[in-house]
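All remarks here apply to the structure that follows.
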Amino acid sequence: MIPYARQTIHSEDINAVIKVLRSDWLTQGPTVERFENAVAHYCGASYAIAVNSATSALHIACRTLGLGPGDWLWTSPNTFVASANCGLYCGAQVDFIDIDPHTYNLDVHALEVKLKQAAEQRKLPKIIIPVHFAGQSCAMQEIARLAKQYGIAIIEDASHAIGAQYQHEPVGNCRYSDITIFSFHAVKMITTGEGGMALTNRPEIADLLRLLRTHGITRDTSKMNSKTEGAWYYEQCELGWNYRMTDFQAALGISQLRQLDTFVDRRRQLALHYHDLLAGMPLTRPWQQPEVDSSWHLYAICLDIDQIDKSRRQIFDALREAGIGVNVHYIPVHTQPYFRNKGFSVGDFPKAEYYYARALSLPLFPELRESEQGRIVNDLFEILS
Ligand SMILES: *Cc1c(COP(=O)(O)O)cnc(C)c1O
């Protein structure tokens, strides 16, 4: 089976992990700090806080920005459930903005309309989470303009987009957001097995993120309410969690980060090759806005199902049977049973649903070969005709 995604692990990655396993420090320590500095430097952000998953990063990002009961969080329905669940963890309510049918990212015009209505009803969200679908940045400048106008915070869910560029600058520099989140899950651009990171340019946000990552506990005497009672002393000042990354994961992360540009270049090359191979077939190929350079986490096509005498399900099953690990991204979050129980229904965000009904992610990862792409597209062509 050719998988839809696969990590690339070289011997240098393995050696970096072994070195930490042989050292005195396994849990969060000096290597995590080095990894944070390396990612912050790569992206041009002031601070980076490593955690055990992007889901954890989204959670503490929402808490840091003060999200709580009575508040609203808005995100895209075309995402993994974690982009919405972080709001629910904080006791807030979640709503969605329908997608742009070309980029599959949240539609800025729909956002503008919805904000105007929400302002009239005094139900403005506290946080908006734009999701950079497949590695293509959302129109952050426009989103930031609207957020500023209405006094809303922005968390970029860049789980797909480390290594991507927006307006010729790295995604993650937080120029248009309060916090940016990355995922280092094995299918993402670079991996630490499981892992995530939150980046920000604001010191007070970085401090609180660090505190919430580890139980809300500080050992920094300058941040304590009372005087220290000795070298053992720590204070819990907030309610936090254990969301720490281990040092051997961070070692893998540092080693992977060195290869990120090579990975992204290879993904771009493969995406261009798919683009050529798929020309003329009854489907829409991924389209990029001119001001972005995607990291190509996914190669997601939209089947022209009205021109094909098979269903998406039949096409998907036939490809899987042929040993091609296609996938579908994403089931619109609002149609999940958990969200339907909160009052959402099919039909609420028709563009996300329309796309979902036709979507197919073709295998894409740095070690995929052009010959395999040829086989994938040939099989797809035969199934479609
Ligand atoms: C993978 C992913 C997440 C969650 O990442 P984890 O590191 O697995 O917690 C969140 N949002 C999006 C868009 C993702 O693709």
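Heavy atoms only: backbone and side chains are in, while hydrogens, waters and symmetry mates are out. Remember, it's 1-based here, ligands and their atoms both numbered in the order they're listed.
- For Arg312 and Tyr356, the positive end sits near the middle of the six-membered ring, less than 6.0 Å away and at most 45° from its axis.
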Provide, line by line, the atom pairs where ligand 1 and the protein bring an N/O atom each to a distance under 3.5 Å; else say none.
unit_1	atom_1	unit_2	atom_2	d
ligand 1	5 (O)	Ser183	OG	3.3
ligand 1	7 (O)	Ala54	N	2.9
ligand 1	7 (O)	Ser183	OG	2.8
ligand 1	9 (O)	Ala54	N	3.3
ligand 1	9 (O)	Thr55	N	2.9
ligand 1	9 (O)	Thr55	OG1	2.5
ligand 1	11 (N)	Asp157	OD2	2.8
ligand 1	11 (N)	Ser159	OG	3.3
ligand 1	15 (O)	His160	NE2	2.7
ligand 1	15 (O)	Lys188	NZ	3.0
ligand 1	15 (O)	Tyr330	OH	3.2

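- Judged by distance alone, the side chains of Gln259 and Thr262 never bring a donor and an acceptor atom under 3.5 Å apart.
- Side-chain atoms of Tyr176 and Gln167 form a donor-acceptor pair, as typed in the model, at a separation below 3.5 Å.
- In this pair, Phe96 and His334 present their aromatic rings tilted. The plane angle is within the 30 to 60° band.
- Side-chain atoms of Asn105 come within 3.5 Å of backbone atoms of Phe133 as a donor-acceptor pair (strictly under, hydrogens ignored).
- By the 6.0 Å and 45° rule, Arg320 does not stack over the aromatic ring of Phe316.
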